[in-house]
Protein chains: 2
Amino acid sequence: MLTIGKLGQAARVKVPTIRYYEQIGLLPEPDRSAGNQRLYPNTALDRLAFIRHARELGFPLEAIRELLGLSDHPDQSCAAADAIARSQLQAVRNRIARLKALEAELQRMLAQCASGTISDCRVIEVLGDHAHCAHDHGQDLT
Amino acid sequence: MLTIGKLGQAARVKVPTIRYYEQIGLLPEPDRSAGNQRLYPNTALDRLAFIRHARELGFPLEAIRELLGLSDHPDQSCAAADAIARSQLQAVRNRIARLKALEAELQRMLAQCASGTISDCRVIEVLGDHAHCAHDHGQDLT
DNA sequence: CTAATTGCTCTAGTAGCTATAGCTTCAAGA
DNA sequence: TCTTGAAGCTATAGCTACTAGAGCAATTAG
């Protein structure tokens, strides 16, 4: 049996985050000690590690909720899990593409900076006028 | 003089967002019409375009606030603006590096998926055990 | 036994908006 | 001139995924 602190240490997840996961239903409510403290079975560590790992890979909590649901029914096809991972991969690739465009733009902006006064600062000027842009970074918010 | 709707259209910024920017002090409170509606001078368009553009490049609102402060004093050195842009470039590069590691990991995960049942699904398995990872995507949250 | 640590609940805050409700004002057509 | 529909107003709440703090109770080490 693990206290919430030990569990957090073992899974490298902060204690308030564990309580938050419980609150939103990602982790089941554990039994309590006589003094009302949470006591986790060892299986909770697996589940929490799963969540942490998926978060590190950028999966949103709702996707993780689905994946956990799937892993609770090991007999079904894994097509759904595959689809979730695939869409996550797509999302990551999109983000990389957008960030690369931003990188190029920022680099260009800085290369032109004359380090003079604000009035001839390219950074300020470029930001003020989209026409200065080499790339079309349309609707992309980072 | 522009109504808030025209301004939003011209700058491609949604109306509630403009009001939000006013609320947090990024845009000055404009004059009002007899019927209490906001009326913007043309200069507001420049300022709003500046903000939108900087947001597209990933600058956080606080950095934009600083940049706007700088551009209000065109006689000073542009070193500060340069530094803000430089740190933004660094942040973008960090994000790219982290996302590339995630991309590789997700790709590897999917390549191994046998498309069988959940019980031998690599996606679920890899997520459950960090030891399966080729990369060390330590503390990186996307 | 005491002091330090850890745990508890509850509330509020973070970024950057977005959405809703319920109302008023404005502009254009009949 | 009247009317109708669009656009505007304020205020509040919601979104993601946590994080921080207050004020208290329980546990553990010495």
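Letters go in sequence order (proteins before strands), and every chain restarts at 1.
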To the nearest Å, how far apart are [X] [atom1] and [N] [atom2]?
| X | N | atom1 | atom2 | value |
| --- | --- | --- | --- | --- |
| A/I64 | D/dT16 | CD1 | P | 13 Å |
| B/E56 | C/dG16 | CD | C1' | 15 Å |
| B/I18 | C/dA19 | CD1 | P | 15 Å |
| A/R55 | D/dT16 | CZ | C1' | 8 Å |
| A/Q23 | C/dA12 | CD | P | 14 Å |
| B/Y40 | D/dC9 | OH | C1' | 12 Å |
| B/K14 | D/dA7 | NZ | P | 16 Å |
| A/L39 | D/dT27 | CG | C1' | 11 Å |

Taking only N and O in the side chain of [X], is any of them less than 4.0 Å away from OP1 or OP2 of [N]?
| X | N | value |
| --- | --- | --- |
| B/R32 | C/dT25 | no |
| A/S33 | D/dT27 | yes |
| B/Y21 | C/dC17 | yes |
| A/R38 | C/dT9 | yes |

For the backbone of A/I24 and the side chain of A/R65, can you confirm whether one donor and one acceptor N or O come within less than 3.5 Å of each other?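 It does hold such a pair.
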Tell me if a side-chain donor or acceptor on A/E103 pairs with a main-chain N or O of B/V92 at a distance below 3.5 Å.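 Here the side-chain-to-backbone pair does not exist.
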Just so I know, are the side chains of A/K6 and A/T3 near enough to count as touching, which here means a heavy-atom distance under 4.5 Å? yes
Check the pair A/R38, A/E22 against salt bridge (charged side-chain N to carboxylate O under 4.0 Å, His left out), reporting the backbone distance first and the verdict last. CA-CA 11 Å; A/R38 290 170 179 83; A/E22 178 183 325; 2.8 Å; yes
Base, sugar-phosphate, or nothing for A/R19, non-hydrogen atoms under 4.0 angstrom?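 If one applies the 4.0 Å heavy-atom cut-off, A/R19 turns out to touch a base.
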For A/T17 and for B/Q37, locate the closest nucleotide of DNA chain D by heavy-atom distance; then report the residue assigned to the nucleotide nearer the 5' terminus. B/Q37
Which is more 5' along DNA chain D, the nucleotide nearest A/P16 or the one nearest A/G35? Just name the residue. A/P16
Toward the 5' end of DNA chain C, by each residue's nearest nucleotide, B/P60 or B/T3: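 The answer here is B/P60.
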Taking C/dC17, C/dG7, D/dC18 as options, the one with an atom nearest any side-chain atom of B/Y20 is C/dC17
Between D/dA17, C/dG7, D/dG8, which one does the side chain of A/I4 approach most closely?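 Given the options D/dA17, C/dG7, D/dG8, the side chain of A/I4 is closest to C/dG7.
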Looking only at heavy atoms, which two atoms of A/R47 and A/P28 are closest? And how far apart?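 That closest heavy-atom pairing would be NE-CD, 3.9 Å.
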